[in-house]
Amino acid sequence: QVQLVESGGGLVQPGGSLRLSCAASGSIFRLSAMGWYRQAPGKQRELVARITSGGNPTYANSVKGRFTISRDYAKNTVYLQMDSLKPENTAVYYCNIERPAPNWGQGTQVTVTS
């Protein structure tokens, strides 16, 4: 089973930035799409951004133009650069790998507050 380890969450003021990282074990990383999801208290987990094995990104409408997903094949790592953060972006952010079977990281807390 692929292991995913997230880092980079924290407390930030509105308008600030954070970069999340997700390191994956194993060589399957380069063959799988990767995604960042988030879950706010009392809400369902939702897709924030996804990047294909070839590096093509897609985003939730609410984060387009502010968040950027990228991946480093040499480091087996996917990133989520989050700019112009808003209080409504507060959530636990989870990394997801789709192959060989869907798997999740432990989550990292992002809190946006003044």
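Across all non-hydrogen atoms, the minimal contact from I28 to P100 is CG1-CD, 3.8 Å. Heavy-atom minimum distance, W36 versus C22: CZ2-CB, 3.6 Å.
Looking at R99 and V2, their side chains never come closer than 4.5 Å, going by heavy atoms from C-beta outward. Residues V110 and L11 have side chains not in contact (no heavy-atom distance under 4.5 Å, counting atoms from C-beta outward).
If you chain together hydrophobic residues whose side chains sit under 4.5 Å apart, F29 and Y94 never meet in one group. Y37 and Y59 fall into different hydrophobic clusters, where Ile, Leu, Val, Met, Phe, Trp and Tyr side chains are chained together by heavy-atom contacts under 4.5 Å. No continuous path of hydrophobic side-chain contacts links M34 to V92 [ILVMFWY only; heavy atoms under 4.5 Å].
For the pair Y73 (side chain) and S53 (backbone), a donor-acceptor distance under 3.5 Å is present. T90 places a side-chain N or O within donor-acceptor distance of the main-chain N or O of P87, the cut-off being under 3.5 Å. A donor-acceptor pair is defined here as one N or O able to donate and one able to accept, closer than 3.5 Å; no such pair exists between the side chain of Q3 and the backbone of S25.
We find the OG1-CG distance between T77 and L20 to be 12.5 Å, quoted to the nearest 0.5 Å. A distance of 8.0 Å separates CD1 of I69 from SG of C95, quoted to the nearest 0.5 Å.
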(request) Using the side-chain contact (heavy atoms from CB on, under 4.5 Å) rule, take R71 and N76 through it: C-alpha gap first, then chi angles, then the decisive distance, then the call. (result) CA-CA 8 Å; R71 63 193 300 167; N76 272 20; over 6 Å; no

(request) List the steps and the verdict of side-chain contact (heavy atoms from CB on, under 4.5 Å) for L80 and T68. (result) CA-CA 6 Å; L80 185 67; T68 303; over 6 Å; no

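Within the structure, every pair that satisfies the side chain to side chain donor-acceptor pair (under 3.5 Å) test and touches residues 79-88, not counting sequence neighbours, is listed here: S17-D83, Q81-D83. The stretch residues 9-22 participates, sequence neighbours left out, in no salt bridge (Lys or Arg N to Asp or Glu O under 4.0 Å) pair at all. Every pair passing side chain to side chain donor-acceptor pair (under 3.5 Å) that includes a residue from residues 102-114 is listed here, sequence neighbours excluded: Q1-N103, Q109-T111.
With sequence neighbours excluded, the residues that form a salt bridge (Lys or Arg N to Asp or Glu O under 4.0 Å) with R50 are E98. With sequence neighbours excluded, no residue satisfies ring-ring contact (aromatic ring centres under 6.0 Å, His included) with F67.
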Side-chain donor-acceptor pairs of residues 39-48 under 3.5 Å, sequence neighbours excluded:
residue : atom : partner : partner atom : Å
Q39     : NE2  : K43     : O            : 3.1
E46     : OE2  : R38     : NE           : 2.7
E46     : OE2  : R38     : NH2          : 3.3

